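A quick note: this is a predicted structure, and the numbers were derived from the prediction, not measured. Counting convention: from 1, in listed order, for ligands and their atoms alike.
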Amino acid sequence: MEMNIKPVFENLKRPVLIAGPCSAETEEQVMRTAEQLADKNIDLFRAGIWKPRTRPNSFEGIGRDGLRWLKQVKETYGLKTTVEVANTQHVFESLKAGVDVLWIGARTTVNPFSVQEVADALEGIDIPVLVKNPINPDLSLWIGAIERLYKAGISRLGIIHRGFSTYGKSVYRNIPRWEIALEFKKRRYPELQLIVDASHICGNRTLLKDISQQALDLNYDGLMLETHIDPDNAWSDAAQQVTPTGFQDIVDRLIIRELKSSSKEYQENIHELRNQIDNIDREIMHLLSDRMKLSEAIGNYKN
Ligand code: PEP
Ligand code: MN
């Protein structure tokens, strides 16, 4: 589809930074996190108000009340805000509360009915929308979501790469499959701004900096990092969130390379190929380890 996509973030001189908690939990948690992020040059303050949880009985979000706190964040600290929307009611409440940017979560991007519902609710409204990749590695679904929003009249659009579900053990919570995001941006829609959500790719704090750096080396436009005043006691995604100081520490350690376009393309292509090799290596290691366990089981059984 022919699209004339406009940037969500204008006049970028450095990578976009999106930070804030996985979920808005209490007024104090939201305000204290925002207070500490206020001087860290972030472009957007994120917080989940409605949380799509894989299993029931997890914290499913504070709901509408949390939007008041985000309004307060904006008024007190001048930070722009973003929340996840998955249905008409979410869109309606978020717009009423003056949220600046909406995002569509991975579990919504997989479902064309839901994406269409959000697109219909946004018809005639000029607000930027960021679309996370679907949980399964299906580029068409991801593109389809962008197209549905574009057809509804949303032209400021961007994409968030948060990795893909996998069954079994992996060092990542969601494997990156960099080539999928790169194909979206490079080969189909180069004007789309691409953000890496290192938190949901990693699932813990140890690899956040490496994943962020890899994304910047691949010429991504920015980072989303879940940031919480007290990560260990977060009501969702505790293992992967960092404190505002931890966030700053990651950002400070990143190397932001200025690349000329020809060497940039070379760098990206090399990276893409190396990543594919790394992915295959990782799978080989897992399969070998599973095989060893089975041989051991046979040995024990024979004994
Ligand atoms: C989130 O950003 O907290 C979230 C629920 O992410 P995802 O849709 O990527 O799982
Ligand atoms: Mn989260």
Side-chain angles (χ1 to χ4, degrees), residues 8 16-25 29-30 33 37 42-56 58-63 66-67 70 81-87 90 94 99 101-111 114-115 118 129-138 141-142 145-146 149 158-166 170 172-178 180-181 184 194-205 207-208 211-212 215 220 222-243 246-247:
V8 173
V16 172
L17 298 174
I18 306 175
C22 178
S23 305
E25 299 165 5
Q29 168 251 5
V30 169
T33 307
L37 283 171
I42 64 168
D43 299 276
L44 272 180
F45 182 83
R46 63 149 283 156
I49 296 292
W50 303 277
K51 301 301 297 178
R53 307 310 297 276
T54 305
R55 307 278 300 272
S58 315
F59 172 58
E60 302 210 307
I62 206 73
L67 291 169
L70 290 186
T81 57
T82 182
V83 303
E84 173 176 352
V85 292
N87 61 33
H90 298 166
S94 304
V99 169
V101 175
L102 304 177
W103 94 75
I104 292 188
R107 289 165 194 75
T108 303
T109 312
V110 284
N111 183 346
S114 300
V115 174
V118 170
V129 182
L130 297 165
V131 180
K132 288 203 180 192
N133 66 257
I135 49 179
N136 56 326
D138 184 338
L141 269 177
W142 202 1
I146 289 287
L149 290 161
I159 50 177
I160 303 177
H161 175 202
R162 51 78 80 196
F164 300 89
S165 287
T166 168
S170 161
Y172 303 111
R173 178 177 175 193
N174 292 292
I175 50 172
R177 302 287 307 265
W178 297 98
I180 298 174
F184 197 163
L194 168 60
I195 309 289
V196 70
D197 170 354
S199 306
H200 289 89
I201 289 179
C202 296
N204 62 53
R205 291 169 205 135
L207 292 171
L208 289 175
I211 287 289
S212 304
Y220 277 44
L223 318 168
M224 178 187 259
L225 287 166
E226 285 187 337
T227 311
H228 190 290
I229 194 74
D230 181 11
D232 287 335
N233 293 304
W235 298 0
S236 60
D237 290 352
Q240 71 196 26
Q241 301 202 62
V242 291
T243 60
F247 165 81

Enquirer: What distance separates Leu102 CG from Thr82 OG1, expressed to the nearest 0.5 Å?
Expert: 6.5 Å
Enquirer: Any idea which atoms of ligand 1 are less than 4.0 Å away from a heavy-atom of Lys51?
Expert: 1 (C), 3 (O), 5 (C)
Enquirer: For atom 10 (O) of ligand 1, grab the closest protein heavy atom and report residue, atom and distance to one decimal in Å.
Expert: Arg162 NH2, 2.8 Å
Enquirer: Using a 3.5 Å distance criterion without hydrogens, assess whether the side chain of Asp197 forms a donor-acceptor pair with backbone atoms of Ile160.
Expert: no
Enquirer: Can you find a non-hydrogen atom of Glu226 under 4.0 Å from ligand 1?
Expert: yes
Enquirer: Which value, rounded to 10°, describes the OE2(Glu226)-the Mn ion (ligand 2)-OD2(Asp237) angle?
Expert: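 Roughly 130°, rounded to 10°.
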Enquirer: For ligand 1, which is the ligand I care about here, please tell me if Arg46 has any N or O atom under 3.5 Å from one of the ligand's N or O atoms.
Expert: yes
Enquirer: Is the shortest side-chain heavy-atom distance between Trp50 and Ser94 below 4.5 Å?
Expert: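 Trp50 vs Ser94: side chains touch.
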Enquirer: Restricting to N/O/S, name the atom of His200 that gets closest to the Mn ion (ligand 2).
Expert: NE2
Enquirer: To the nearest 0.5 angstrom, please state how far the CD atom of Glu84 sits from the CG atom of Leu130.
Expert: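 Spacing of CD (Glu84) from CG (Leu130) equals 11.5 Å.
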Enquirer: Please could you name the atoms of ligand 1 that Cys22 approaches to less than 4.0 Å, counting only its heavy atoms?
Expert: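 Counting atoms of ligand 1 from 1, those under 4.0 Å from Cys22 are 3 (O).
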Enquirer: Tell me which protein heavy atom sits closest to atom 6 (O) of ligand 1, plus the residue, atom name and distance to 0.1 Å.
Expert: Lys132 NZ, 2.9 Å
Enquirer: Do Gln241 and Cys22 come close enough that some side-chain heavy atom pair is under 4.5 Å?
Expert: yes
Enquirer: Out of all atoms in ligand 1, which are within 4.0 Å of some heavy atom of Glu84? Include the element for each.
Expert: 5 (C)
Enquirer: Identify the protein heavy atom lying closest to atom 4 (C) of ligand 1, giving its residue, its atom name and the separation to 0.1 Å.
Expert: His200 NE2, 3.5 Å
Enquirer: Report yes or no: does Thr227 contribute a side-chain atom to a donor-acceptor pair with the main-chain N or O of Leu225 at less than 3.5 Å?
Expert: yes
Enquirer: Check each atom of ligand 1 against the heavy atoms of Gly105 and keep those under 4.0 Å away; list them by number with element.
Expert: 8 (O)
Enquirer: If you define the side chain from C-beta out and look only at heavy atoms, does anything of His200 sit under 4.5 Å from Gln240?
Expert: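 Side-chain contact under 4.5 Å: yes.
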Enquirer: Do Ile201 and Val196 have side chains that approach each other closer than 4.5 Å (heavy atoms only, starting at C-beta)?
Expert: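 A side-chain contact exists here, since the closest heavy-atom pair is under 4.5 Å.
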Enquirer: Would you say ligand 1 has an N or O under 3.5 Å from any N or O of Ala106?
Expert: yes
Enquirer: Any idea which atoms of ligand 1 are less than 4.0 Å away from a heavy-atom of Trp103?
Expert: 2 (O)
Enquirer: Just by modelled atom types, is the His161 backbone N or O under 3.5 Å from a matching donor or acceptor in the Asn133 side chain?
Expert: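 Between the backbone of His161 and the side chain of Asn133 there is no qualifying donor-acceptor contact (under 3.5 Å).
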